[in-house]
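Please read all numbers here as calculations on a predicted model, not as lab measurements. Whatever order the structure lists ligands and atoms in, that order sets their numbers, starting from 1.
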Amino acid sequence: MSTPPLRLFFALPCPDAVRVPLCAWREKLVIDGQPVAAANLHLTLVFLGAVPRARKAELLALGASMPRTPFELHLDNLLLWRNGILHLAPSTLPEALPSLVHSLREALQACQFEVEHRTFRAHLTLARHCRRLPDATADFAWPARELVLYSSENGPHGTHYHAIGRWPLDGEEVSRAPAAPTP
Ligand code: ATP
Ligand code: MG
């Protein structure tokens, strides 16, 4: 029997300093859908979908090669898409965010991973299957300090994300493996 593939995505994890006030704020909203579990709050950068387990090492190397520019996000727009996704989005994007998504997509494509070509839309999903946009305002400052590769797993208590790679966005130069000597 072959091993099942992993279901993977690169994301920014929601820092605890944001998660706690954000969940307290969300609890006060009248939400007519299914809230995302507090532990699962994140901002997806690139969704990979099913990936053979044998390719995990390639993705870990790729994650380590990404730029490490830290940045600040301001989630200040509460929106509802027609597909029922209630989310917070930043009204302005710090340049480092689309730049990180671009670097990920390029590197993934170069390694023959299938990536989306749709325009990146930064959003933090708060709840799914919603029909009504709650009347509320928000402005959460989110210091993005970590890039994470998650495996999405279905368990008895619902979907669980397991971090299989973590890289700090600490402003350090990315250390690359030395080039192989030319013969
Ligand atoms: P579940 O689907 O089990 O209810 P989930 O949506 O949180 O839970 P996944 O479907 O594994 O878990 O998705 C992980 C992340 O990838 C989420 O941010 C989700 O919105 C995003 N995602 C899932 N499918 C796609 C897709 N086809 N294109 C872009 N992003 C996707
Ligand atoms: Mg899903």
Side-chain angles (χ1 to χ4, degrees), residues 3-16 18-19 22-23 25-27 29 31-53 55-56 58-60 62-63 66 71 73-90 93-94 96-109 111-131 133-134 138 140 142-167 169:
T3 336
L6 296 165
R7 182 175 170 89
L8 301 180
F9 62 103
F10 283 97
L12 301 176
C14 185
D16 288 341
V18 180
R19 186 193 317 276
L22 191 142
C23 287
W25 167 82
R26 184 177 63 169
E27 270 184 24
L29 303 180
I31 291 181
D32 62 353
Q34 181 67 47
V36 170
N40 285 359
L41 292 170
H42 67 281
L43 193 147
T44 299
L45 299 172
V46 179
F47 177 73
L48 292 160
V51 173
R53 279 162 202 265
R55 301 202 71 187
K56 184 175 144 183
E58 262 176 278
L59 289 172
L60 294 180
L62 191 149
M66 287 299 108
F71 56 90
L73 265 182
H74 285 277
L75 299 178
D76 54 0
N77 247 343
L78 177 63
L79 300 167
L80 176 64
W81 282 330
R82 275 190 303 184
N83 61 3
I85 302 274
L86 178 69
H87 62 280
L88 279 171
L93 280 187
L97 175 55
S99 172
L100 177 58
V101 171
H102 180 74
S103 299
L104 280 166
R105 286 182 175 188
E106 291 243 296
L108 287 162
Q109 252 176 326
C111 295
Q112 275 82 48
F113 284 97
E114 273 184 42
V115 290
E116 259 192 296
H117 296 282
R118 280 188 297 181
T119 306
F120 169 66
R121 289 203 278 178
H123 67 283
L124 172 90
T125 301
L126 295 167
R128 298 196 172 92
H129 314 297
C130 297
R131 298 174 69 170
L133 176 64
F140 293 96
W142 170 320
R145 300 288 182 269
E146 202 177 28
L147 166 67
V148 175
L149 174 62
Y150 283 111
S151 154
S152 170
E153 295 160 15
N154 282 316
H157 306 293
T159 305
H160 167 75
Y161 302 149
H162 172 64
I164 62 175
R166 291 182 176 274
W167 302 274
L169 301 177

Within a strict 4.5 Å, meaning less than it, do heavy atoms of the Leu79 and Ile85 side chains meet?
no

Please report which non-hydrogen protein atom sits nearest to atom 14 (C) of ligand 1, along with the residue it belongs to and the distance in Å to one decimal place.
Phe9 CE2, 3.5 Å

For Asn154, the atoms of ligand 1 under 4.0 Å from one of its heavy atoms are 3 (O)

Is a donor on one side and an acceptor on the other found under 3.5 Å between the side chain of Arg128 and the backbone of Pro35?
no

How far is atom 10 (O) of ligand 1 from its nearest protein heavy atom, and which residue and atom name does that atom have?
Arg7 NH2, 2.7 Å

Under a 4.0 angstrom heavy-atom cut-off, which atoms of ligand 1 come close to Thr44?
15 (C), 16 (O), 17 (C), 18 (O)

Of all the non-hydrogen atoms in the protein, which one sits nearest to atom 28 (N) of ligand 1, and at what distance?
Phe47 CD2, 3.7 Å

Are more than 12 heavy atoms, taken from residues, nucleotides or ligands other than Glu116, located less than 6.0 Å from that residue's CD atom?
yes

Within the protein, is there a heavy atom lying under 4.0 Å from atom 22 (N) of ligand 1?
yes

According to the interplanar angle, ranging from 0 to 90°, do the rings of Tyr161 and Tyr150 count as parallel (below 30°), tilted (30 to 60°) or perpendicular (above 60°)?
tilted

min-distance protein heavy atom vs atom 8 (O) of ligand 1 -> Thr159 OG1, 3.4 Å

To the nearest 0.1 Å, how far is atom 20 (O) of ligand 1 from its closest protein heavy atom, and which atom is that?
Arg128 NH2, 4.0 Å

Distance under 4.0 Å to a non-hydrogen atom of Ser152: what atoms of ligand 1 satisfy this?
9 (P), 11 (O), 12 (O)

Does the cation-pi check pass for Arg121 over Trp81, that is, NZ or CZ under 6.0 Å from the six-membered ring centre and within 45° of its axis?
yes

Protein heavy-atom partner closest to atom 17 (C) of ligand 1 - residue, atom, separation in Å:
His42 NE2, 3.5 Å

Is any side-chain heavy atom of Pro4 closer than 4.5 Å to a side-chain heavy atom of Arg53?
yes

Measuring from non-hydrogen atoms of Val36 to any atom of ligand 1, is the shortest distance under 4.0 Å?
no

Between Val36 and His87, is any pair of side-chain heavy atoms under 4.5 Å apart?
no

Just which atoms of ligand 1 are under 4.0 Å from any heavy atom in Glu116?
28 (N), 29 (C)

Arg166 and Glu146 ion-paired at < 4.0 Å
yes

Could you tell me the separation between the CZ atom of Phe120 and the OG1 atom of Thr44, rounded to the nearest 0.5 Å?
8.5 Å

Provide, to 0.1 Å, the distance between atom 7 (O) of ligand 1 and the closest protein heavy atom, together with that atom's residue and name.
Tyr161 OH, 2.3 Å

